[in-house]
There are 2 protein chains.
Amino acid sequence: MATIYEVSKAAGVSLATVSRVMNGNAKVSDKTKAKVLAAMSELGYKPNAIAQSLASNRSNSVGLMVSELHGSFFGDMMSTIENTLRTAGKHAIIAAGHSDADKEQQAIEFLLDRRCDALIVHAEAVSDEYLIELAERDVELVLVNRHIPELAERCFYTDNELGGYLATEALLQRGHQNIAYISGPLFKLDAKARLAGHKKALAEYDIAFNPSLTFEGGYHETDGMAGFAHLMQTGLPFSALVCANDEMASGAMTAAREAGLNVPTELSVVGFDDVLFTKYLYPKLTTIDNPIRKMGDAAARWVLKHVYKEKHQPDVENLYPPTLILRDSIATKTKVE
Amino acid sequence: MATIYEVSKAAGVSLATVSRVMNGNAKVSDKTKAKVLAAMSELGYKPNAIAQSLASNRSNSVGLMVSELHGSFFGDMMSTIENTLRTAGKHAIIAAGHSDADKEQQAIEFLLDRRCDALIVHAEAVSDEYLIELAERDVELVLVNRHIPELAERCFYTDNELGGYLATEALLQRGHQNIAYISGPLFKLDAKARLAGHKKALAEYDIAFNPSLTFEGGYHETDGMAGFAHLMQTGLPFSALVCANDEMASGAMTAAREAGLNVPTELSVVGFDDVLFTKYLYPKLTTIDNPIRKMGDAAARWVLKHVYKEKHQPDVENLYPPTLILRDSIATKTKVE
DNA sequence: CTGTTAGCGCTTTCAG
DNA sequence: CTGAAAGCGCTAACAG
C-alpha cells in the first residue's frame, strides 16, 4: 500500500502538497496538481483513513445507536442514514441498545470511545437527563424519534399526539362511538403522546374517555393479543380498536379473528408506524405513517451540515407530521350491531 | 481528554508500561499495575482508538456489507453480528450494496478504504470471481449465505437445496400431486438451489416436473402476486404452491384470497426463510427456517478466532441445515377437489 | 519487569 | 503557491 510519502517522491513535490491536492482546501497550481494526481493513480494510492483521522482529529465516522437492529422500523432508518452518510464519504458505526437503559448507555459510551465525530441516537430507555448531560459533553448529539425541549434543534421527531389523534379521528368519522385503545408502555413518551391524541379526538367528538377500554401493552405483537383478550373480558362493547403500533394491531387482529370476529365489519382496527409488513397483513392494515425515513435523512444531513460543515446542505425540518394511511382494516359503523 | 503520556506522568512510569497494562500482553508487576490503574481512573483516561489503530495497524473494526439494510432477514443477521463483535470490543461498520453489482463492489471498496480488519459480506449481485479475487488480496473475507467452493472455509451458508426439498416434501407427504412453484431470480445461486430441491422431491415421488407450473420472481411480494396470477392463467390445476421466499408467499396468499381461494383448504402454501413477519400472516405461514442468526454468529466468531486470534473461540460449522417450520398454511389434500 | 526510542501516515502551522 | 517540520496518541522492538 503506497503512502503519501511515496506519492510525493514520485511526483517530485512535498508531502504537504500531496495532502493539499487530496483535501482540496488550499491552492495548488494546476501543473503540480496534475503531477500529483498522476503519481497517485500510478501507484494506486489510497489515503489511510486512520492516519488521516489521527492527524486531523476527525474520524469521519458517525455513531448510530438504535434500540434494535431488526424490525422494519430500524431497518428503514439505518438504511437512509447510512446512505446519505456514505454519499458524503463518512461511515456509520452501529451499536444496538436493545431497549435497555444500561445497554443503551453502554452502546453510546462504546461509540464515544470509538471517537465518532457525531452520534445519531434512537434511544428508548435512557432518560432525558442522561441525554441532556451527554449533549453538554463535547459530543455532537442528534436524536431521532424523540423530542427533548432542551435539545430541540437536534431532535428529529414526529408529532405522535397528532398521529394518535388521526387514528381515532378516522374511526370517529366513520361513526364509531365505542373505541378501545391498546397503548404502548406509558413510560415512553411516544406512547404517552399517542394516547393523548386519542383522548383529544374523543373529546372533540364529545365522547367520554373510558379507562376500562384501554390496555397498556409493550409494543409487541403478543401485547396486542393480550390486550384484545383483556378488552373482551371487560364485557364492554366496542366496534373499533386503535393500537399504538402495528405489531400490536397485528396481534389484536389475530386474536379477534380467533374470537370469531370479522375485521373490519365487526371490528375496525387502526395501527401506528406503517411498518413494512403492514401491507402483508390480512386485511391490510389502516395505520399512521411514521415518517422514519425522512427523520433519518434529516438527522444525517444535520450532521453533515453542522459537524462536517458541508456547504449547500439545506436546513432541515425537525418535526415530521404523521398522516393517515387508509387501507382495509376499518369500516363504517353499521347501525345495528 | 487525557493521553497516555499524562497517565504515565501521573503514575510515575513510562509510556510503555501504561501501554502494557492496557493491553495486558506483557508482564507488569502488581504494584506498578495498581499505580497505573489508579492514575488512569483518576484522570478518566480512555485510550484513543484511532491512535491505537494507527500504531498497531489494526482498526478493530470489521466491515459488514449487506445487500439491504431493511428487511427482517438482514436485521436479524446484523443484530447477531454486531452483538458478538461488540462483546469482543470490536465494532461493525456497515455499508449497503442494494443488490446491485456495482454498488456492492463500491460498498466493499469503501469498507476496505476504511481499513477494516475483516469483511463480513452478504453479497447477492457480485460475481464469484470478484469475491475470489478479493479474498486473494490481503483482505480477511468471510461470506454469509453464499457458498463458493474455492472459499469454503470462509463461507457460512445453508443448504438451500435441502430447504427446497423439505418444502415440497411436506406437501407431497400430505397427498398433493400438483405443486406449483414460484422461484427467486434464477441467476442467484440460492434461488437455483431451492428450485433444484423442489425438483428432487418431485422426482422421489415419481411426479414429473412441469415447467408450466413454475414462475420466476424477484423475491418481492409483488412477484408472489404476479406469479399466482400467471399460474392461474395457465389453467393447469394445482392444490399447493411453494414459494422461494416468505415475501412472495405472502403476495401469493393475498392474490389467492382475492381470487376467492381459501388457504389452506383450497390451496396450500409454503414459504422460505422464516422471516419475522411470517407469523403475523393469516394464516400463519408454513415455511423453511433459514438459520440466518446462526450463520451471522458463526461468521463473527470466525473473524474473532482467525483475524483477532482469540483463544477459546471454538471452531464453527460452515453449513447450517434448514428445517421445516410447520404452521397453518398447508393442509392435507382432500380426495375430491 | 521497565524504560527508551522510533515510527504508524497524515495534517497543519509557519516560513518563504 | 510550495516546502519543512512538528506533532496526533499510541505500539513495539530493543536494551537493560
Side-chain angles (χ1 to χ4, degrees), chain A residues 1-40 43-61 89-90 112-117 138 308-309, chain B residues 1-40 43-61 89-90 112-117 138 308-309:
Chain A
M1 198 94 271
T3 72
I4 193 175
Y5 175 68
E6 304 173 42
V7 174
S8 78
K9 230 172 31 182
V13 299
S14 72
L15 293 190
T17 302
V18 177
S19 176
R20 285 184 188 109
V21 347
M22 281 176 50
N23 299 300
N25 49 14
K27 300 278 82 165
V28 177
S29 79
D30 287 355
K31 217 168 80 186
T32 55
K33 184 188 289 185
K35 274 194 305 191
V36 172
L37 257 16
M40 293 203 307
L43 294 170
Y45 171 73
K46 302 229 189 175
N48 181 322
I50 307 241
Q52 286 180 312
S53 296
L54 184 60
S56 65
N57 199 28
R58 274 239 171 284
S59 66
N60 287 315
S61 69
K90 316 301 178 192
L112 253 24
D113 285 357
R114 252 41 231 192
R115 295 299 203 267
C116 292
D117 297 328
D138 52 351
Y308 294 114
K309 311 294 179 196
Chain B
M1 197 96 271
T3 71
I4 193 175
Y5 175 69
E6 304 174 41
V7 174
S8 78
K9 229 172 30 182
V13 298
S14 71
L15 294 189
T17 301
V18 178
S19 176
R20 286 186 187 108
V21 347
M22 281 175 51
N23 299 301
N25 48 15
K27 299 278 82 163
V28 178
S29 78
D30 288 354
K31 217 169 80 186
T32 54
K33 185 188 288 186
K35 274 194 304 191
V36 172
L37 258 15
M40 293 203 306
L43 294 170
Y45 171 73
K46 302 231 189 173
N48 181 323
I50 307 244
Q52 287 179 312
S53 296
L54 184 61
S56 65
N57 201 27
R58 274 235 173 285
S59 66
N60 288 314
S61 69
K90 316 299 177 193
L112 252 26
D113 284 356
R114 253 39 231 196
R115 296 296 201 270
C116 292
D117 298 328
D138 51 352
Y308 293 114
K309 311 292 180 196

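Throughout, a chain's letter reflects where its sequence line sits, starting with A, and its residues are numbered from 1. Side-chain atoms are counted along with the backbone in the values below, which use heavy atoms only and exclude waters and symmetry mates.
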Please name all residues satisfying side-chain hydrogen bond (donor to acceptor under 3.5 Å, both in side chains) with [X], sequence neighbours left out, ordered by chain then number.
| X | value |
| --- | --- |
| A/T3 | none |
| B/S61 | B/S59 |
| A/S8 | none |
| B/K46 | A/D113 |

Residues B/A39 and B/V7: closest non-hydrogen pair is CB-O, 4.0 Å
Correct closest heavy-atom pair for A/P47 and A/Q52 would be CB-NE2, 3.6 Å
So, with a heavy-atom separation below 4.0 Å from DNA chain D, the residues of residues 28-36 of chain B are none
Rounded interatomic separation in angstrom, taking [atom1] from [X] and [atom2] from [N]:
| X | N | atom1 | atom2 | value |
| --- | --- | --- | --- | --- |
| A/K27 | D/dC1 | NZ | P | 6 Å |
| A/I50 | D/dG9 | CD1 | P | 16 Å |
| B/K9 | D/dG9 | NZ | P | 13 Å |
| B/N23 | D/dT11 | CG | C1' | 8 Å |

Considering residues at least two apart in sequence or located in another chain, which fulfil the side chain to side chain contact (heavy atoms under 4.5 Å, CB included) criterion with [X]?
| X | result |
| --- | --- |
| B/R115 | A/M1, A/N48, A/I50 |
| A/A16 | A/S14, A/R20 |
| B/L37 | B/V21, B/K33, B/M40 |

Evaluate the side-chain proximity of A/Y45 to A/E6: yes if any heavy-atom separation is below 4.5 Å, no if none is.
-> no
Requested in this report: Tell me, yes or no, whether the heavy-atom count around A/N57 atom CG, taken from other residues, nucleotides or ligands under 6.0 Å, exceeds 12.
Outcome: no
Sorted by number, residues from residues 14-21 of chain A placing a heavy atom under 4.0 Å from DNA chain C are A/A16, A/S19, A/R20
In numerical order, the residues of residues 52-60 of chain B whose heavy atoms come under 4.0 Å of DNA chain C are B/L54, B/A55
In short, the helix from C/dC1-D/dG16 to C/dG16-D/dC1 is bent end to end, axes from five pairs each side, to 10°, by 30°
State whether the side chain of B/N60 and the backbone N or O of B/K90 hold a donor-acceptor pair below 3.5 Å, judged by distance alone. no
- Query: Quick check: does any side chain N or O of A/S19 sit under 3.5 Å from a backbone N or O of A/L15, one acting as donor and the other as acceptor?
  - Reply: no
Under a 4.0 Å heavy-atom criterion, DNA chain C is touched by chain B from C/dC1 to C/dG9
- Task: Respond yes when some side-chain nitrogen or oxygen of B/Y45 is under 4.0 Å from OP1 or OP2 of D/dC10, and no when none is.
- Result: yes
